[in-house]
Amino acid sequence: MKNISLNIEKTLGFISKDAVYAYEAQAKACSEALHNGTGKGNDFLGWLNLPSSTSKEFIADIKATAQILRDNCEVVVMAGIGGSYLGSRAVIEALSDSFELLKEKKDSPVIIYAGHNISEDYLSELTDYLKGKKFGVINISKSGTTTETALAFRLLKKQCEDQRGKETAQKCIVAITDAKKGAAKVTADKEGYKTYVIPDNVGGRFSVLTPVGLLPIAVAGFDIEQLIAGAAKMEEVCGLNVPFSENPAAIYAATRNELYKNGKKIEILVNYHPKLHYVMEWWKQLYGESEGKENKGIFPAAVDFSTDLHSMGQWIQEGERSIFETVISIETPNKNLTVPSDEANLDGLNFLAGKRVDEVNKMAELGTQIAHVDGGVPNLHISMPQLNEYYIGQLFFFFEKACGISGYILGVNPFNQPGVEAYKKNMFALLNKPGYEEESKAIQARL
Ligand SMILES: O=P(O)(O)OC[C@H]1O[C@](O)(CO)[C@@H](O)[C@@H]1O
């Protein structure tokens, strides 16, 4: 079976291969620091061997819980934010039919998302939609105290109990949270919800291969064994003893750091299949929270092509030359559709008749690569044989491993996120949260 692969050829007009390979020893040292637990943030390395250490029994347990939700719910709301929802959403959206939500007959519960914003309109419309529906909730919060998620869950719990009764609600609400602390844990214990633990040593953005990602993905009807199998394969491919030249995680980490050193401060992750949109969102959090600190770090951005070629394409082609692109390319689409011939040919598209739509897409991809490289944008290329659970699992682990190495090359702790506390502190002070009296006074004085 093939693996996902990385090609850095189209960065080499901007940086040299020698410069990338000069990172070999450093990348190896960073990889060793990860594996030996000797680097910064070494209490958050539980993700490193997660795929290969996930047992069949554990998967079976997740699948059994997923089945209970599938049997008892027409809608399942996933309450979570950041790493507590982006990974599962990435897989579910990537693998679902683009028009699934519009279909009348559904094989799986409708999955919808909450707890990732504080919009009154959103939450009000959500509760309206859920009226009279047999719904369940997966409440995901590592800390168990995140305001966005806790607020949504408060509403959802009440509505579920009111509509379905306490006993059914108990069956249809599952908590995924810290082993010991946090409000989500306290509530789950009190109400007797089925609970899964997010291991202490796995941070939110590295948690997609824990129950955080696995349970919602299984509820949506996708193959979590294959997801784990793909990730486990990448664990091997990006392993500590794999030579630099064959290790895609090390090469990716080295290349992006070398580009950064050469003034390329923004990395744009690119897809040519809109289903990958949330894979990009997941990646943005992974790299943004891991590397953006100490006043450094590549800014992770993302675009959906060819859609955004008609909006952001101008900037990418001719704007400030501080960017590089990493394209995720899917070799073979899952569906087969050819362009029909048309007698009148009023649109002039008969030159495409008989070709697969994907051939047109691939030429858009190649044409764009050539244009952007000509325009001064280095291009990394990740090839994914197919869009399925196995290769998404590979992609996840590849990016996680590369992120650890890349963060260490940059010299930061890739496993903390102290910066996200600033807005929370101000919000609590502005809302007069008990315990924030001093901060409240101070912030009021500034208004
Ligand atoms: O799972 P939790 O603790 O609710 O956190 C959700 C997200 O919020 C953050 O902690 C940032 O505040 C992210 O790191 C995390 O993925």
Within 45° of the six-membered ring axis of Y252 and under 6.0 Å from that ring's centre, is NZ or CZ of R256 located there?
yes
Using the six-membered ring wherever Trp is involved, compare the ring planes of F305 and Y272 and label them parallel, tilted or perpendicular (cut-offs 30° and 60°).
perpendicular
Side chains of K40 and N416: do they bring a donor and an acceptor to under 3.5 Å?
no
What orientation do Y408 and F415 show, parallel under 30°, tilted 30 to 60°, or perpendicular over 60°?
perpendicular
N247 side chain to P243 backbone, donor-acceptor under 3.5 Å:
no
Do other residues, nucleotides or ligands put more than 12 heavy atoms under 6.0 Å from the NZ atom of K171?
no
Between the side chains of E331 and S383, does any donor sit under 3.5 Å from an acceptor?
yes
Could you give the distance from CD1 (I62) to CG (L215), rounded to the nearest 0.5 Å?
5.5 Å
Stepwise side chain to side chain contact (heavy atoms under 4.5 Å, CB included) test for T210 and V208:
CA-CA 6 Å; T210 72; V208 60; over 6 Å; no
Let's go through V174 and T65 carefully: what are the C-alpha distance in whole Å and the side-chain angles of both, what is the deciding distance for side chain to side chain contact (heavy atoms under 4.5 Å, CB included) to 0.1 Å, and is it a yes or a no?
CA-CA 9 Å; V174 178; T65 304; 3.9 Å; yes
Can you confirm whether the side chains of T149 and T146 place a donor and an acceptor under 3.5 Å from each other?
no
Any side-chain donor-acceptor pair under 3.5 Å between E258 and Y23?
yes
Can you label the angle between the F396 ring and the W282 ring as parallel, tilted or perpendicular, going by 30° and 60°?
tilted
I'd like to know if the side chain of E365 pairs up with that of N361 as donor and acceptor (distance under 3.5 Å, no hydrogens or angles considered).
no
Would you say the side-chain atoms of R164 and Q159 include a donor-acceptor pair closer than 3.5 Å?
no
Residues N379 and T11: side-chain donor-acceptor under 3.5 angstrom:
no
For N117 and E148, which I'm curious about, is there any donor-acceptor pair between the side chains at under 3.5 Å?
no
Does K133 count as lying over the ring of Y129, i.e. NZ or CZ under 6.0 Å from the six-ring centre, within 45 degrees of the axis?
yes
Donor + acceptor pair across side chains of E235, S52 (<3.5 Å)
yes
